[in-house]
Amino acid sequence: MTALVSIRGLRKSFGPIEVLRDIDLDVQRGEVVVVVGPSGSGKSTLCRCVNRLEPINAGTIAIDGEPLPAEGRRLAQLRADVGMVFQSFNLFGHRTILDNVTLGPIKVRGKSPRAAETEARRLLDRVGVGDQADKLPAELSGGQQQRVAIARALAMGPKLVLFDEPTSALDPEMVHEVLDVMTALAADGTTMVVVTHEMGFARKAADRVVFMSDGRIAEQGTPAEFFDHTETVRARDFLSKVLAH
């Protein structure tokens with residue numbers, strides 16, 4: 001069966017600094033892959049390369065069997081199939097929550113405003129902020145704004161959703177709100193690649209944990225394999241530090 005995401009020989013540099021080295025990774029339909037590792041290991045850059053927010057230096061990325069184009073209309077179409085939730089919420093501050101969620105489906109997918117609104121309200125209810133639809137982003141807490149950002153990504157009907165440290169900008173008491181939504185998405189079979197420092201989420205929701213170090217995939221396995229039978233010294237050191245906090 002063709003993997004939904006297939007990455008081969010991926011390399012990425014910023015000037016003389018190589019941040020991704022020979023990355024090979026497949027993500028199957030319905031799989032939740034959680035990417036962990038120390039800061040600077042290349043996790044977020046990998047996420048951004050998957051939908052070409054960062055151009056790559058070498059290698060290939062295919063989404064649903066189709067190579068990711070470098071630019072142009074085909075890239076825009078393919079990118080619409082890959083939702084992304086960032087550290088910062090990136091909501092349009094001058095538009096209502098409902099407008100933020102309907103804009104993409106109307107402009108990019110060509111949905112009618114009525115159909116887009118119906119789906120947006122369903123998704124806002126699903127992430128627990130349906131009663132905030134007519135407010136502006138600034139009127140919501142950080143946790144609520146991030147849940148809106150998740151609804152906005154889902155509104156495009158993506159094949160895959162990328163999460164780049166989605167809770168790192170949140171106050172601690174708001175983190176669980178977002179993780180609960182993400183755990184529910186995972187249980188529903190949403191294909192997800194999640195870059196996070198939340199080890200509890202990785203253990204609970206991941207099908208596979210990928211550990212990155214120095215721009216490479218150093219180790220990967222099921223949550224039980226990774227957390228209970230770590231293979232590499234680097235991964236053991238990482239876990240001893242993050243689990244001590």
Side-chain angles (χ1 to χ4, degrees), residues 1-12 19-51 56 59-65 68 81-85 150 153-154 158-168 175 178-243:
M1 187 172 66
T2 303
L4 182 60
V5 182
S6 183
I7 301 171
R8 293 290 178 272
L10 177 61
R11 301 175 79 95
K12 170 65 182 176
V19 292
L20 294 177
R21 314 171 192 205
D22 299 319
I23 299 289
D24 291 337
L25 181 67
D26 286 340
V27 180
Q28 304 299 330
R29 285 169 180 76
E31 189 177 22
V32 178
V33 174
V34 174
V35 184
V36 302
S39 295
S41 58
K43 308 182 301 294
S44 290
T45 302
L46 173 61
C47 220
R48 294 173 66 85
C49 286
V50 170
N51 68 348
I56 64 177
T60 60
I61 302 173
I63 306 292
D64 211 1
L68 207 56
D81 289 335
V82 182
M84 186 149 185
V85 179
I150 293 172
L154 295 174
K159 297 176 179 178
L160 165 73
V161 184
L162 306 170
F163 294 83
D164 183 14
E165 299 277 13
T167 59
S168 64
V175 168
V178 174
L179 292 179
D180 285 350
V181 169
M182 292 169 61
T183 301
L185 291 178
D188 287 346
T190 306
T191 309
M192 299 160 59
V193 175
V194 183
V195 173
T196 186
H197 289 291
E198 300 291 339
M199 295 302 116
F201 173 81
R203 190 185 276 275
K204 180 178 180 181
D207 295 304
R208 183 161 36 119
V209 178
V210 171
F211 173 72
M212 291 187 66
S213 179
D214 298 323
R216 288 190 168 94
I217 294 176
E219 187 173 337
Q220 57 181 309
T222 65
E225 289 167 345
F226 179 70
F227 287 105
D228 302 331
H229 305 286
T230 314
E231 293 177 355
T232 62
V233 173
R234 281 178 176 169
R236 276 196 292 274
D237 288 347
F238 169 76
L239 282 176
S240 68
K241 289 172 184 172
V242 297
L243 295 177

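What's counted below: heavy atoms across the whole structure, side chains too, no hydrogens, waters or symmetry copies. Everything quoted here is computed from the prediction, not taken from an experiment.
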* Could you walk me through whether Arg234 and Asp214 pass the side-chain contact (heavy atoms from CB on, under 4.5 Å) test, one step at a time? => CA-CA 10 Å; Arg234 281 178 176 169; Asp214 298 323; 3.0 Å; yes
* Asked: Between Arg216 and Asp24, is there a side-chain N and carboxylate O pair less than 4.0 Å apart?
  -> no
* **Any Val35 side-chain heavy atom under 4.5 Å of Cys47 side chain** => no
* Looking only at heavy atoms, what is the nearest atom pair of Gly37 and Ser41, with distance? -> C-OG, 3.9 Å
* Ser44 side chain reached by Glu165 side chain, heavy atoms, under 4.5 Å -> yes
* Give the intermediate values and the outcome of side-chain contact (heavy atoms from CB on, under 4.5 Å) for residues Val27 and Val193. => CA-CA 8 Å; Val27 180; Val193 175; 3.9 Å; yes
* To do: Compare all side-chain heavy atoms of Leu185 with those of Phe163 and state whether any distance is below 4.5 angstrom.
  => yes
* Contact summary for Ile61 and Cys49, nearest pair of heavy atoms -> CD1-O, 3.3 Å
* Asked: Which atoms form the tightest heavy-atom contact between Thr232 and Ala218, and what is the distance?
  -> CG2-O, 3.8 Å
* To do: Starting at CG of Leu239, measure out to OG1 of Thr230 and round the result to the nearest 0.5 Å.
  => 5.0 Å
* With side chains defined as the heavy atoms from C-beta onward, is the minimum distance between Glu219 and Glu225 less than 4.5 Å? -> no
* Asked: If every non-hydrogen atom of Phe201 is compared with every non-hydrogen atom of Met192, which pair is closest and at what distance?
  -> CZ-CE, 4.3 Å
* **Atom of Ala206, atom of Ala202 and distance for their closest heavy-atom approach** => CB-O, 3.1 Å
* Nearest-0.5 Å distance, CZ of residue Arg21 to CG of residue Leu10 -> 13.0 Å
* To do: Considering non-hydrogen atoms only, spot the tightest contact between Ala153 and Val161 and give its length.
  => CB-CG1, 4.5 Å
* Verify, without hydrogens or angle tests, whether Arg8 (side chain) and Asp26 (backbone) share a donor-acceptor contact under 3.5 angstrom. => no
* Take Arg29 and Lys159 through the side-chain contact (heavy atoms from CB on, under 4.5 Å) test and state the conclusion after the steps. => CA-CA 8 Å; Arg29 285 169 180 76; Lys159 297 176 179 178; over 6 Å; no
* Asked: Once you round to the nearest 0.5 Å, how far does CD1 of Ile217 lie from CG of Asp22?
  -> 10.5 Å
* Charged N-O contact under 4.0 Å between Asp180 and Lys204 -> no
* To do: Decide yes or no for Val50 and Leu160: does some side-chain heavy atom of the first lie under 4.5 Å from some side-chain heavy atom of the second?
  => yes
* Between the main-chain N or O of Asp164 and the side-chain N or O of Lys43, is there a donor-acceptor pair closer than 3.5 Å? -> no
* Asked: With a 4.5 Å limit on heavy-atom distance, are the side chains of Ile63 and Val5 in contact?
  -> yes
* What is the distance from atom CD1 of Ile56 to atom CD1 of Ile23, rounded to the nearest 0.5 Å? -> 11.5 Å
* Asked: Under the side-chain contact (heavy atoms from CB on, under 4.5 Å) criterion, do Leu25 and Arg208 qualify, and how do the steps go?
  -> CA-CA 11 Å; Leu25 181 67; Arg208 183 161 36 119; 3.5 Å; yes
* Asked: Do Val82 and Pro158 come close enough that some side-chain heavy atom pair is under 4.5 Å?
  -> no
* Structure fact -> Separation between CD (Gln220) and CD (Glu231), nearest 0.5 Å, reads 10.0 Å
* Asked: Hey, are the side chains of Thr45 and Met212 touching, using non-hydrogen atoms and a 4.5 Å cut-off?
  -> no
* What distance separates Phe226 CZ from Arg203 CZ, expressed to the nearest 0.5 Å? -> 10.0 Å
